Colleague: 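Sharing a structure here in structure tokens format.
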Number of protein chains: 2
Amino acid sequence: MKSGRPLRSEMKKTPPLVTAKANNLRLDRQLCFPLYAASRLITRLYQPLLEPLGLTYPQYVVLLILWEDAPCSVSHIGERALLNSNTLTPLLKRMEDLNYIRRTRSVTDERVVEISLSKAGTLLKGRCACIPESLNAAISYSPEKAVALKRSLDELISKLQALPETLARNA
Amino acid sequence: MKSGRPLRSEMKKTPPLVTAKANNLRLDRQLCFPLYAASRLITRLYQPLLEPLGLTYPQYVVLLILWEDAPCSVSHIGERALLNSNTLTPLLKRMEDLNYIRRTRSVTDERVVEISLSKAGTLLKGRCACIPESLNAAISYSPEKAVALKRSLDELISKLQALPETLARNA
DNA sequence: TGCGATTCTATCGCGTGCGATATACGCAGG
DNA sequence: CCTGCGTATATCGCACGCGATAGAATCGCA
């Protein structure tokens with residue numbers, strides 16, 4: 001095996017322009033990777049707090065939305081969580097099996113499934129109230145930095161959401 | 001349904017302390033959610049560029065590592081990508097089926113599987129060289145902001161990796 | 001040398017994510 | 001009333017992630 005650090009050796013074989021491009025492919029130059037890694041690490045951090053409640057992290061996100069907006073439609077949850085029915089439908093069925101939510105066809109529009117909180121689901125909010133500060137305490141990350149990071153991410157997300165769908169040009 | 005924005009109405013029913021905690025559960029107060037969302041949006045952005053090559057985003061990450069470190073062990077890839085064999089083994093088998101890599105048992109230590117690049121896998125680096133700048137161009141995100149965001153994320157990641165495994169206290 | 005502990009990879013099970021597609025419902029125009 | 005179109009949800013298939021566990025190879029130490 002090798003040590004994790006990249007070496008200078010390959011710079012001797014390739015002309016400068018190719019090398020410059022190749023250097024852009026270094027893992028530690030990518031913005032995408034820390035996003036991918038941080039997201040998974042954070043999910044792992046939530047897990048021990050959510051597991052006693054029988055919840056996964058995406059289910060917790062859905063609950064955050066429901067505590068604000070319930071009752072609401074599946075597509076409303078999808079808009080806020082950036083998830084589609086192919087992910088949400090089975091997830092919501094599992095949450096219904098857990099008895100935290102109810103799924104009922106809307107009377108006024110039979111296409112819509114209304115998601116509402118059960119009593120247990122409503123009460124869960126109290127049991128989860130300490131989770132945010134537990135996590136903030138666990139990672140000793142200063143509130144200012146956290147807010148700045150969140151702002152950067154929100155800006156990035158809005159840019160990403162505003163993109164046209166197709167950019168499959170090169171390759 | 002409701003509009004996406006939270007309302008002030010619930011603040012009238014609950015005592016201040018409970019309300020303060022409950023407000024911490026608002027989706028737009030979470031740092032975790034923008035991480036989760038941004039990671040998925042970025043993955044979607046890569047997809048049209050990687051799909052012509054038959055690659056998924058995690059496979060691309062593994063290739064980034066291999067272009068720097070190959071040949072190397074599965075666990076070395078796991079350390080850099082923060083993934084375990086339960087994810088990597090099937091992923092690497094698929095990449096072998098694509099003919100981008102080879103998997104061979106190490107001669108010196110039969111426990112180790114050495115991952116090396118095939119000729120096609122090596123050549124792929126050239127075809128991917130323009131991907132980073134394509135994406136930077138697609139999201140019009142200033143280099144300074146991108147660097148600052150990356151630095152924040154790297155700091156967060158190092159804090160998350162340094163955490164003790166167990167914090168399953170409350171709930 | 002022998003044998004328990006450790007390391008490395010693989011396997012299993014389950015829950016996402018998501019592209020593609022199907023199905024059911026509502027709606028507008030004829 | 002019917003028909004075609006758009007919308008809301010569901011289903012399918014596949015590739016992750018990852019906790020738990022298994023199996024084989026190596027290591028450490030008496």
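Since this is a predicted model, take the numbers as computed values, not measurements. Note on naming: letters A, B, ... go to the chains in the order of the sequence lines (proteins, then strands), and numbering restarts at 1 for each one.
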Colleague: For a quick check of understanding: with a heavy-atom distance under 4.0 Å over all strands, which category does A:Thr87 fall into, base, sugar-phosphate or nothing?
Modeller: base

Colleague: Among the nucleotides C:dT16, C:dG19, D:dG17, which one has an atom lying closest to any side-chain atom of A:Thr56?
Modeller: C:dT16

Colleague: Roughly how many Å is it from OH in A:Tyr36 to P in D:dC16, rounded to a whole number?
Modeller: 8 Å

Colleague: Could you say whether A:Leu82 or A:Arg111 is positioned toward the 5' end of DNA chain C, judged by the nucleotide with the nearest heavy atom to each?
Modeller: A:Leu82

Colleague: I need the OH-P distance between B:Tyr46 and D:dC16, as an integer number of Å.
Modeller: 16 Å

Colleague: Taking A:Val147 as the starting point, is it possible to reach A:Leu156 by hopping between hydrophobic residues whose side chains are less than 4.5 Å apart?
Modeller: no

Colleague: Report the residue (A:Leu41 or B:Asp109) whose heavy-atom-nearest nucleotide on DNA chain D is the more 5′ of the two.
Modeller: A:Leu41

Colleague: Could you tell me the separation between the CG atom of A:Leu64 and the SG atom of B:Cys32, rounded to the nearest 0.5 Å?
Modeller: 7.0 Å

Colleague: Could you check how far CD of A:Glu96 sits from C1' of C:dG15, rounded to whole Å?
Modeller: 17 Å

Colleague: Does the side chain of B:Arg94 get closer than 4.0 angstrom to OP1 or OP2 of D:dC16 through an N or O atom?
Modeller: yes

Colleague: Got more than 12 heavy atoms from elsewhere within 6.0 Å of CZ, A:Arg151?
Modeller: no

Colleague: On DNA chain C, nearest-nucleotide positions of A:Tyr57 versus A:Asn86: which is more 5'?
Modeller: A:Tyr57

Colleague: Send over the distance from B:Glu110 CD to C:dT6 P, rounded to a whole Å.
Modeller: 23 Å

Colleague: Under a 4.0 Å N-O cut-off, is there an ion pair linking A:Arg105 with A:Glu110?
Modeller: no

Colleague: Under 4.0 Å between a side-chain nitrogen and a carboxylate oxygen: does that hold for A:Asp97 and A:Lys93?
Modeller: no

Colleague: Measure the distance from CZ on A:Arg44 to P on C:dT16 and round it to the nearest whole Å.
Modeller: 17 Å

Colleague: Check whether the side chain of B:Asn84 and the base of D:dG19 form a donor-acceptor pair under 3.5 Å.
Modeller: no

Colleague: Donor-acceptor pair, distance only, cut-off 3.5 Å: does the side chain of A:Glu155 make one with the backbone of A:Ser152?
Modeller: no

Colleague: Given the structure, check if the side chain of B:Ser85 and the base of C:dA10 hold any donor-acceptor pair shorter than 3.5 Å.
Modeller: yes

Colleague: Side chain of B:Arg40, heavy atoms from C-beta onward: which of C:dC18, D:dC18, C:dT16 has the nearest atom to it?
Modeller: C:dC18

Colleague: Tell me which nucleotide among D:dT11, C:dG19, D:dA10 gets nearest to the side chain of A:Lys93.
Modeller: D:dT11

Colleague: May I ask you to evaluate whether A:Gln47 reaches the phosphate of D:dG19, defined as a side-chain N or O under 4.0 Å from OP1 or OP2?
Modeller: yes

Colleague: Taking the side chain of B:Gln59 as heavy atoms from C-beta outward, which of C:dC8, C:dA20, D:dC16 is closest to it?
Modeller: D:dC16

Colleague: Would you say B:Arg103 places a side-chain N or O within less than 4.0 Å of OP1 or OP2 belonging to C:dA10?
Modeller: yes

Colleague: Would you mind reading off the distance between B:Glu51 atom CD and D:dA15 atom P, rounded to a whole angstrom?
Modeller: 13 Å

Colleague: Reckon B:Leu88 touches a base, only the sugar-phosphate, or nothing at all at heavy-atom distances under 4.0 Å?
Modeller: nothing

Colleague: What integer distance in Å separates B:Leu91:CG from D:dA15:P?
Modeller: 10 Å

Colleague: Starting at atom CZ of B:Arg105, determine the distance to atom C1' of D:dT26, rounded to an integer number of angstrom.
Modeller: 13 Å

Colleague: Below the 4.0 Å mark, does D:dT9 have OP1 or OP2 next to a side-chain nitrogen or oxygen of A:Ser75?
Modeller: yes

